[in-house]
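This report concerns only the one structure given below.
Residues take their numbers from the sequence shown, with the count starting at 1.
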Amino acid sequence: MELDYEKLGLMAGLEIHQQLNTGKLFCSCPSLLRNDSSLFRVERKLNPVAGESGEIDIAAAYEKSKNKTFVYEVYDTNCLVELDEEPPHLINQDALKISLQIALLLNCKIFPVAQVMRKTVVNGSNTSGFQRTVLVAHDGFIETSFGKVSIDYLMLEEDAARPGSLKEEDDPELENSKVYKLDRLGIPLVEIATGPHMHTPEQIKETALKLGEILRACNVKRGIGTIRQDVNISIKGSERVEIKGFQEPRIMALTVDNEIKRQIECIKQKNCKKEVRRSLPNGETEFLRPMPGAARMYPETDLPLLKISRDMINDIKKNLPKLKQELRGYLKEFGLNEELVKLILEEDKVEDFKNLLYVQNNPNLAAKVLTIIPKEISIKSGKSLEEVEKILNIQVLENILGEVDKKISESDVKLVLEKIFAGQSLEEALKKENIDLESEIKKLIQEKPGLSSGAYMGLAMAKFKGKVSGKDVSDVLKKILG
């Protein structure tokens with residue numbers, strides 16, 4: 001069934017939760033995920049409390065009805081704050097500054113004074129039964145190909161505990177238990193909510209990618225689980241539905257279309273409900289819980305008001321990170337071709353590129369050792385690019401480029417990198433073989449006269465097996481053959 005999004009009145013908005021690359025938000029513990037055994041466990045039951053309106057939130061009441069006992073795995077990188085046995089410390093200033101950077105890049109207005117709030121969460125993911133969150137900025141926008149998309153708000157909050165092993169549920173006495181690890185609890189994250197200004201799946205995807213670009217320009221965590229994205233969808237005659245885990249670009253359009261079709265059926269059956277659903281890998285969704293209401297927030301009484309000075313904002317403005325389009329222009333100033341510019345941006349290696357230029361002011365060489373040469377070594381060795389870059393890291397690249405025009409020439413760099421990846425030390429790899437290349441190539445030509453330059457090139461490279469560079473062989477052949 002082909003969908004007419006305009007006729008259906010599709011309205012969609014995004015919510016993005018991105019972890020920041022700092023210590024925890026309300027204590028001094030490191031933001032470190034653990035895969036080893038915990039020190040000990042604690043068990044708790046959680047009860048919802050009334051919000052500012054004096055009512056208990058519907059989603060919290062729903063979770064309470066499950067009557068679960070929660071088990072928390074505690075590590076030596078946790079403290080009493082995460083166990084809810086000690087009041088929160090003052091907010092992490094590094095996390096606050098990163099959130100303000102993001103807010104400014106989103107053209108938001110920043111609140112000079114903000115109140116840390118408690119948001120009722122009794123699904124077990126917070127030991128306290130609430131999540132601490134603070135509204136930092138509001139009323140921003142981003143530019144897209146279909147116009148401006150408003151940013152309704154940006155909040156700085158603590159991440160939830162991480163689901164752990166569920167094997168204990170095999171025990172009949174713990175059949176209502178849920179296991180959580182406290183390693184993730186308290187990691188700072190920003191929550192960004194757009195207005196409902198997207199009216200096609202393509203617009204939703206473009207907006208999501210634009211927001212991702214802005215976040216990656218700042219000091220945020222990378223990798224699986226560090227960013228979580230939700231989408232709110234409604235059509236004419238239906239209720240708003242929030243879909244959790246909406247972050248795989250490949251199935252975004254399929255997920256939206258499937259949800260629209262589901263809502264069309266709900267309208268026909270007069271059974272439309274406000275609810276939260278979970279995105280599935282096949283593009284379908286499933287019910288998760290009722291939509292939270294406005295009765296889940298109340299002030300955090302253990303923390304003072306958060307004051308954000310004009311001086312702090314001005315300092316952050318002076319050091320705002322550049323976005324991809326700005327970085328593209330910056331890289332082109334060095335005379336790099338479009339392929340190298342694209343590779344550096346896609347692989348997020350602008351800072352590494354800058355560092356290599358301090359060592360050796362050769363932009364093309366710096367770009368190639370960061371992008372093209374590691375790929376060539378990966379293909380030649382049959383190893384993954386991750387394995388290659390783990391050995392040929394930025395420190396190794398800096399050391400090698402530091403020897404260009406001293407011990408080696410530019411044409412030797414790839415050969416040296418190959419030697420180091422094969423297991424040689426830097427000192428060994430920098431040693432040049434005592435080979436009279438011109439005499440050796442003349443012998444090859446005498447032994448097999450009449451071949452093309454390319455054929456002699458292949459014979460020479462095969463004979464010396466990585467002991468000489470291709471450029472040196474090519475230069476000698478040009479000299480001999482003319």
Side-chain angles (χ1 to χ4, degrees), residues 10-20 57-60 62-63 99 102 106 119-121 123 125-126 131 133 135 138 140 142 149-160 162-163 184 187-216 220-221 224-235 238-260 262-263 273-294 296-297:
L10 171 62
M11 296 176 66
L14 289 167
E15 291 181 17
I16 294 179
H17 302 78
Q18 170 69 65
Q19 290 181 351
L20 306 183
D57 179 67
I58 184 174
Y62 173 78
E63 290 294 342
S99 73
I102 296 168
L106 295 173
K119 181 165 61 178
T120 301
V121 179
N123 66 353
S125 60
N126 292 71
Q131 176 189 38
T133 181
L135 180 58
H138 67 116
I142 58 171
V149 172
S150 72
I151 303 299
D152 286 354
Y153 63 79
L154 181 145
M155 305 188 84
L156 177 59
E157 55 192 28
E158 55 186 359
D159 206 344
R162 187 166 57 123
R184 194 178 73 180
I187 292 179
L189 53 80
V190 290
E191 177 183 336
I192 299 167
T194 76
H197 300 149
M198 288 145 270
H199 307 292
T200 69
E202 292 73 24
Q203 292 175 357
I204 296 171
K205 183 176 180 179
E206 181 186 339
T207 303
L209 293 175
K210 178 71 174 181
L211 288 170
E213 176 191 338
I214 290 171
L215 289 168
R216 287 191 297 275
V220 300
K221 287 187 177 289
I224 296 172
T226 60
I227 184 169
R228 300 189 290 280
Q229 184 169 274
D230 312 327
V231 64
N232 290 279
I233 295 176
S234 66
I235 58 175
S238 74
E239 298 287 345
R240 177 172 67 93
V241 170
E242 181 178 358
I243 299 175
K244 295 284 188 184
F246 180 82
Q247 53 217 45
E248 174 51 63
R250 184 178 53 84
I251 61 168
M252 281 182 179
L254 176 62
T255 303
V256 172
D257 282 351
N258 284 339
E259 175 57 25
I260 291 172
R262 192 192 68 81
Q263 290 191 24
K273 297 177 181 178
K274 273 191 181 181
E275 61 186 40
V276 179
R277 301 181 69 83
R278 178 191 287 118
S279 177
L280 301 175
N282 63 358
E284 299 287 340
T285 62
E286 64 180 9
F287 176 79
L288 194 58
R289 59 178 175 268
M291 183 75 74
R296 61 194 304 221
M297 302 281 280

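Between His17 atom NE2 and Ile227 atom CD1 the span is 10.5 Å, to the nearest 0.5 Å. Here the CZ atom belonging to Arg262 is positioned 5.5 Å from the OG1 atom belonging to Thr285, to the nearest 0.5 angstrom. The CD1 atom of Ile102 sits 11.5 Å away from the CD1 atom of Ile151 when rounded to the nearest 0.5 Å. How far CG of Leu154 is from CD of Glu191: 8.5 Å, rounded to the nearest 0.5 Å. Rounded to the nearest 0.5 angstrom, Leu14 CG and Lys210 NZ are separated by 14.5 Å. Rounded to the nearest 0.5 Å, atoms NZ (Lys244) and CG (Asp230) are 4.0 Å apart.
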Evaluate the criterion side-chain contact (heavy atoms from CB on, under 4.5 Å) for residue pair Val231 and Thr255; output intermediate values, then yes/no.
CA-CA 10 Å; Val231 64; Thr255 303; 5.8 Å; no

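Between Thr207 and His197 the shortest side-chain heavy-atom distance does not fall below 4.5 Å.
In this structure a side-chain-to-backbone donor-acceptor pair under 3.5 Å is missing from Glu158 to Thr133.
Nearest heavy-atom pair across Gln19 and Gly225 is NE2-O, 3.9 Å. Residues Thr226 and Gln18 come closest through the heavy atom pair O-NE2, 3.2 Å. The nearest pair of heavy atoms linking Gly245 to Ser279 is O-CB, 3.5 Å. Between Asn232 and Glu15, the shortest heavy-atom distance links the atoms ND2-OE2, 3.3 Å.
Counting heavy-atom neighbours within 6.0 Å of Lys221 NZ, excluding the residue itself, gives a total above 12.
Look at Glu202 and Lys205 and you find no salt bridge, because none of the NZ, NE, NH1 or NH2 atoms lies under 4.0 Å from a carboxylate O.
Residues Asp152 and Ser150 have side chains that bring a donor and an acceptor to within less than 3.5 angstrom of each other.
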